[in-house]
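Each remark here refers to the structure printed beneath this line.
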Amino acid sequence: MRKGGKRKSTSQKQETEVKASSSSQENQKENHKLASKAKRAKSSKPQPQPEYFEDKRNLEDLWKAAFPVGTEWDQLDSVYQFNWNFSNLEEAFEEGGKLYGKKVYLFGCTEPQLVRYKGENKVICIPVVVAVVSPFPPSDKIGINSVQREAEEIVPMKQMKMDWVPYIPLENRDSQVDRLQSQMFILSCTQRRVALKQMNIDRLKKYEYCLPYFYQPLKEDELEQSTEVQIIFPAEQKPVFCEFDWELDELDEFTDQLIEADELDKDKKDAFKEFVKEKVREAKKVNRQAREARKKALEEMSEETKAAFENMRFSKFYPIPTPDTPDVSNVKAPFINRYYGKAHEVL
């Protein structure tokens, strides 16, 4: 009996193990099915589309790299609010372009103009780039002048933290600059905007009155030919602002007209006349010195340098029209500034 009971107990144990094994196999199959379903569900989700970014053009930031000389600091952000397109400037440096293979010096400036944009007339600060084809820098000086300033200043660029520096195209920016033998130079400014708060007002305003300076010794410039003087006569009520031409204006008549227009007090007539005479003497002296300096420079100039000045060319580039920027086609002008005069071509 005891033996029979033992066989029965053993048989029951085996049966229990078989059931447990069968149940485990079924659980594994069920888990496998669930995992397969989850995998199928996961794989059925839509895959994100790959993003494509347009390659940057090799000279895309050239116009931004050229410092906009004379632009008010608080206007700089408004210049860059539009993604201006200067592909015409970029193409000029490509093979077959006007500037291809030439040594070029570039500076920026801005021109506030009333233009049509999105159905409205708006005053927009338009960026412009001037390209000077020359074997040497056109100048190492900056002119500082405005109606508000009594006298014009011509100072070294470095005094205003400006200088000609090589422009490195995007594809070459991993290379050493000194090995590139760059043919493109931009007028750069290292003055940091964050430091402007510590700058005195006169120094700050100088940047806004800056003009790229150029002296062409082969021809008489406007200063040598001019017979006009800017007059800023100090007075208690308000200063007298006017222009006096010593060839066209008669001083007594000119002064009486200012008195009649209530621009000048009658008791200041004699003082004003002496002030004007002194300004005329100073202007004539400056003109005479300029003529003498030009004559001396020509006598000492090599034929190679003369040829370089004769062949120097100025090209003025405006941004081309795009759907996202104002169309400036109708406000293009050849005039650069009082030193450079007019561009040979406007693009």
Show every salt bridge (charged side-chain N to carboxylate O under 4.0 Å, His left out) that has at least one partner inside residues 326-337, sequence neighbours left out. none
Which residues pass the side chain to side chain donor-acceptor pair (under 3.5 Å) test with [X], sequence neighbours left out?
| X | value |
| --- | --- |
| K316 | E111, Y318 |
| K296 | none |
| N85 | S87 |
| K269 | D256 |

Below 6.0 angstrom between ring centroids: does that apply to F254 and F244? yes
Which residues pass the ring-ring contact (aromatic ring centres under 6.0 Å, His included) test with [X], sequence neighbours left out?
| X | result |
| --- | --- |
| W164 | Y105 |
| F214 | F314, Y340 |
| F309 | F136 |

Only counting residues at least two apart or in another chain, list the ones meeting side-chain contact (heavy atoms from CB on, under 4.5 Å) with K277. L251, E274, R281
Residues two or more places apart in sequence or in another chain: which of them pass side-chain contact (heavy atoms from CB on, under 4.5 Å) with E247? T227, D245
With a cutoff of under 4.5 Å between side-chain heavy atoms, which Ile, Leu, Val, Met, Phe, Trp and Tyr residues group with Y100? none
Applied to residues 117-140, the side-chain hydrogen bond (donor to acceptor under 3.5 Å, both in side chains) test, sequence neighbours excluded, yields R116-N121
